[in-house]
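Accompanying notes for the structure given below.
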Amino acid sequence: MTLSSIDRSILRLTWPAIATNVTVPLLGLVDVAIVGHIGDARYIGAIAIGTMLFNVIFWLFAFLRMGTSGLTAQAYGAGDAAAWRSQLRKAVRMALVLSVALLVAQNGVYAALQALFDTPAAMQPLVDSYYRIGVWGIPAMLTLYSLTGWLIGMQNTRATMVIAISQNIINIGLSLFFVFALRMSIAGVALGTVMAQWAGMGIAVVWVRHRLNNPKAMKRATMAEESDGRMISRRNSPAEGKGKVESVGCPAVEAGKQNAATLFSTYFNIFLRTAFLVAVNLAFVAFGTSLGEETLAVNTLLMQLFMLYSYITDGFAYAGEALCGRYLGARQPMMLRLTVHRLFLWGTGVMLLFSIAYAVGALPFLHLLTSDTAVVAAAHPYLPWIMAVPAAGMAAFVWDGVYIGITRTRAMLLATALASVVFFLLWHTLHNAWGNHALWLAFIAFLLVRGIVQTVAWRTISYASPHTECPNP
């Protein structure tokens, strides 16, 4: 099989992103394993709640990574060094301002987050301790989001992989030392996490400085290999009635400048979109909990299969962020459309592989996760839903990367908002009759609607057609 230059670019950006994603659940497992050997079950629950508290914060502010990657990729594609430097400064400045605000309001933030969870009284002091220490890692993480988003926009997912793996290794080592050598219990886990977050930010700073000081980074990006260039020329020949590639583009992109209103709109739309995602995820857990402990256990196990698929497919979304933004900035709509086409081909391949794997191996996988035969038996009726996840979610995940790259953030927000409404309507309409099946139907519909709305929206975008106009983020 001969891969085109676009395929090679997609895979070059995808595999480090997948490796980065895989490290995330591994770290959580290690933290649980560390406190699990302290000898008190309260610590395991406190770690789970404390981690979720910060996950909500970091999910909501993930727009610093996503918005920065798309805008930077466009500046990179335009070959505008001043613009990508400016985007870096703006992103880091935004991260620092938000960090200060969160630290100043940390008590109020904690009270608001606590309202989302029903923390047992016996665990409350442990969760308090974890939060009071962990909150000082917020500036490092928000800044790290800005830096990693910038690196992705600069087509460098290997750097983000190295940063994530290094941070996790440091975290594990420090947590083990603080807990078992210094006997700091849950405070040791929190302190190890915070110190690792600052170390990760420091490593990211080194990568960014290297990128800025590398003369090659200041050159205009090469948009395609010679074979792709010939293909573009043929597709834009006068005989086909299409305009020249060089004739399209947007002055704002060409200048590589994003005004304050555009930057704020991009960040704010992604923030609201993420808020809808968080609401659905939290509701899924809460609704499952209301159906009983066994149902909660079943859903927790099945969601591991969903997360595994999302980690892989998100790698292609990262590639979409970098490449689609790059080709938009370079005023190459043909390459942009071809990249979207190839991303969906790869996404379809991954979808088919996971669909087959889940049809054949979902049940054995559940036996690996738990030895509780009653829970596995209870999960059996819901396996068809998890088998449907790859087909339902593929378009949503791939489109997310494309839309972030081209900074069509309003379309992303609309898709997620509509999908969230469908999720809650289906649950509240059907849960009395269908129980947990209603919850899974609502979740599958949530994924499907996101993909469908973004597919429809793509057809309305001017630069998705041969006659490209200025984007309007």
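Along the sequence shown, residues carry numbers from 1.
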Closest contact, heavy atoms only, [X] versus [Y]:
X: Gly320; Y: Leu343; answer: CA-CD1, 3.6 Å
X: Ala392; Y: Ile444; answer: CB-CG2, 3.8 Å
X: Gly200; Y: Ile163; answer: O-CG2, 3.6 Å
X: Pro125; Y: Ala122; answer: CD-O, 3.8 Å
X: Ala396; Y: Arg450; answer: CB-CB, 3.8 Å
X: Ser99; Y: Ile138; answer: OG-O, 3.9 Å

Problem - Qualifying ring pair (Phe, Tyr, Trp, His ring centres under 6.0 Å) pairs with a residue from residues 170-201, counting only residues at least two apart or across chains - result: none
Practice task
Any pair with a residue in residues 347-376 that passes ring pair (Phe, Tyr, Trp, His ring centres under 6.0 Å), sequence neighbours left out, goes on the list, sorted by first then second residue, please.
Solution key: Tyr309-Phe354, Phe354-Tyr358
Would you mind reporting whether [Y] and [X] have side-chain heavy atoms less than 4.5 Å apart?
X: Val422; Y: Trp427; value: no
X: Val135; Y: Ile57; value: no
X: Gln167; Y: Ile203; value: no
X: Leu383; Y: Leu366; value: yes
X: Asn436; Y: Leu439; value: yes
X: Thr72; Y: Leu88; value: no
X: Thr68; Y: Leu147; value: no
X: Phe306; Y: Leu447; value: yes

Exercise for the section: Could you walk me through whether Asn156 and Arg12 pass side chain to side chain donor-acceptor pair (under 3.5 Å), step by step? Expected result: CA-CA 9 Å; Asn156 192 349; Arg12 175 179 58 81; over 6 Å; no
How about [atom1] on [X], more than 12 heavy atoms from neighbouring residues, nucleotides or ligands closer than 6.0 Å, or not?
X: His428; atom1: NE2; result: yes
X: Arg158; atom1: CZ; result: no
X: Trp434; atom1: CH2; result: no

Separation between [atom1] of [X] and [atom2] of [Y], rounded to the nearest 0.5 Å:
X: Thr274; Y: Trp59; atom1: OG1; atom2: CH2; answer: 11.0 Å
X: Leu174; Y: Met195; atom1: CG; atom2: CE; answer: 5.5 Å
X: Met52; Y: Ile47; atom1: CE; atom2: CD1; answer: 12.5 Å
X: Met303; Y: Asn281; atom1: CE; atom2: CG; answer: 6.0 Å
X: Met66; Y: Ile404; atom1: CE; atom2: CD1; answer: 5.0 Å
X: Leu113; Y: Asn55; atom1: CG; atom2: CG; answer: 11.0 Å

Handout entry: Trp136/Gln106 under side-chain contact (heavy atoms from CB on, under 4.5 Å): CA gap, chis, key distance, verdict
Key = CA-CA 10 Å; Trp136 296 102; Gln106 60 180 275; 3.9 Å; yes
Problem - Trp150 vs Trp84, side-chain contact (heavy atoms from CB on, under 4.5 Å): CA-CA, chis, key distance, verdict - result: CA-CA 8 Å; Trp150 188 84; Trp84 71 57; 3.7 Å; yes
Practice task
On the 0 to 90° scale, with breaks at 30° and 60°, tag the Tyr131-Phe54 ring pair as parallel, tilted or perpendicular.
Solution key: parallel
Problem - Aromatic ring pairing Phe271/Phe268, orientation class (parallel under 30°, perpendicular over 60°, tilted between) - result: parallel
Practice task
Run the numbers on Val194 and Gln197 for side-chain contact (heavy atoms from CB on, under 4.5 Å), then give the verdict.
Solution key: CA-CA 5 Å; Val194 169; Gln197 288 166 343; 4.2 Å; yes
Practice task
Establish, yes or no, whether a centroid distance under 6.0 Å links the rings of Phe284 and Phe443.
Solution key: yes
Practice task
Compute the centroid of each ring, for His431 and then for Phe287, and state whether the two points are separated by less than 6.0 Å.
Solution key: no
Donor-acceptor under 3.5 Å ([X] side chain, [Y] main chain):
X: Gln454; Y: Ile452; value: no
X: Thr148; Y: Tyr145; value: yes
X: Arg85; Y: Leu212; value: yes

Exercise for the section: Give the C-alpha distance, both sets of side-chain angles, the deciding distance and a yes or no for side chain to side chain donor-acceptor pair (under 3.5 Å) between Trp399 and Thr455. Expected result: CA-CA 8 Å; Trp399 276 130; Thr455 300; 2.8 Å; yes
Exercise for the section: Go through the steps for Phe276 and Leu413 under the test side-chain contact (heavy atoms from CB on, under 4.5 Å), then give the verdict. Expected result: CA-CA 9 Å; Phe276 280 111; Leu413 172 57; 3.9 Å; yes
Quick one about [Y] and [X] (side-chain donor to acceptor, distance below 3.5 Å, no hydrogens or angles considered), yes or no?
X: Tyr318; Y: Thr160; value: no
X: Gln124; Y: Asp128; value: yes
X: Asn269; Y: Arg408; value: no

Practice task
Take Arg65 and Glu321 through the salt bridge (Lys or Arg N to Asp or Glu O under 4.0 Å) test and state the conclusion after the steps.
Solution key: CA-CA 11 Å; Arg65 189 204 65 73; Glu321 294 177 30; 3.0 Å; yes
Problem - All side-chain contact (heavy atoms from CB on, under 4.5 Å) counterparts of Thr289, not counting sequence neighbours - result: Val285, Leu296
Handout entry: Candidates Val179, Leu126, Val189, Ile34 - the one meeting side-chain contact (heavy atoms from CB on, under 4.5 Å) with Tyr43
Key = Leu126
Practice task
Starting from the C-alpha separation in whole Å, work towards a yes-or-no answer on side chain to side chain donor-acceptor pair (under 3.5 Å) for Trp440 and Asn299.
Solution key: CA-CA 9 Å; Trp440 277 100; Asn299 288 348; 2.9 Å; yes
Problem - Derivation of the ring-ring contact (aromatic ring centres under 6.0 Å, His included) call for Phe316 and Phe344 - result: CA-CA 9 Å; Phe316 291 95; Phe344 269 90; over 10 Å; no
